[in-house]
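All remarks here apply to the structure that follows.
Below, all heavy atoms of this structure are taken into account, side chains as well, without hydrogens, waters or symmetry copies.
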Amino acid sequence: MRSILLTIFLALASQATACGECDLVDTLSRISEFKNISREKLSLAIDQGKWNKWKSAYALCYKEESSQCYLIIFGAGDLHVTDMSKIEHANLGKLGAPGTKYENVKTTVTKWFYSNDRFFQLELKTVAYRDGQRLTVTEPVFVKKNGELIYR
């Protein structure tokens with residue numbers, strides 16, 4: 001009996017998680033920044049993205065020609081979308097060697113540091129390969145509550 005109840009509970013829990021994800025996919029797919037991305041790619045980006053501690057902001061990246069990274073700030077009845085994609089270029093600049101061709105470049109959201117009533121702080125990591133060598137660089141990112149991106 002116990003195992004049957006546990007099985008039912010786990011099935012319901014996985015459905016609840018999937019429905020929560022579906023809601024986020026539906027919400028984001030209506031925003032102009034995400035209209036040209038397939039639902040499958042958006043769903044994968046959401047799986048790899050991260051909520052802040054209070055679930056008032058969500059950060060995600062997905063790969064196109066270069067990584068596209070966004071912070072979605074959920075407010076009272078509205079939301080702000082901040083494009084953080086230029087962080088990848090800045091991270092590659094930290095690696096030096098201007099004009100170098102990097103391969104398999106991908107930027108991801110690694111963690112949230114801090115949020116207060118004025119701004120969010122999170123970290124983006126860029127991984128790139130040059131001449132078969134894996135290179136990694138991270139960048140702290142600050143975003144004001146109104147969606148304005150601030151460099152450190």
Supply the atom-to-atom distance [X] [atom1] to [Y] [atom2], rounded to the nearest 0.5 angstrom.
X: K63; Y: K41; atom1: NZ; atom2: NZ; result: 9.5 Å
X: F142; Y: M84; atom1: CZ; atom2: CE; result: 13.0 Å
X: Q133; Y: E103; atom1: CD; atom2: CD; result: 12.0 Å
X: N52; Y: F120; atom1: CG; atom2: CZ; result: 5.5 Å
X: R130; Y: L92; atom1: CZ; atom2: CG; result: 10.0 Å
X: I87; Y: C69; atom1: CD1; atom2: SG; result: 8.5 Å

Ion pair present between R39 and D26, side-chain N to carboxylate O less than 4.0 angstrom?
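Counted as a salt bridge, because a side-chain N and a carboxylate O are separated by less than 4.0 Å.
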Check [X] against [Y] and note the closest heavy-atom contact, atom names and distance.
X: C61; Y: A45; value: O-CB, 3.6 Å
X: T136; Y: R134; value: OG1-NH1, 3.6 Å
X: W51; Y: L24; value: CZ2-CD2, 3.9 Å
X: A57; Y: L71; value: CB-CD1, 4.0 Å

Heavy atoms, side chains only, cut-off 4.5 Å: are [X] and [Y] in contact?
X: L124; Y: T110; answer: no
X: N91; Y: E88; answer: no
X: F34; Y: I72; answer: yes
X: L149; Y: K86; answer: yes
X: Y70; Y: L28; answer: no
X: L42; Y: S29; answer: yes

Test side-chain contact (heavy atoms from CB on, under 4.5 Å) on E33 and Q68 and set out the steps.
CA-CA 10 Å; E33 286 84 355; Q68 304 299 305; over 6 Å; no
Please confirm whether the backbone N or O of [Y] pairs with a side-chain atom of [X], one donor and one acceptor, at under 3.5 Å?
X: K145; Y: N116; answer: yes
X: W112; Y: K50; answer: yes
X: K125; Y: K111; answer: no

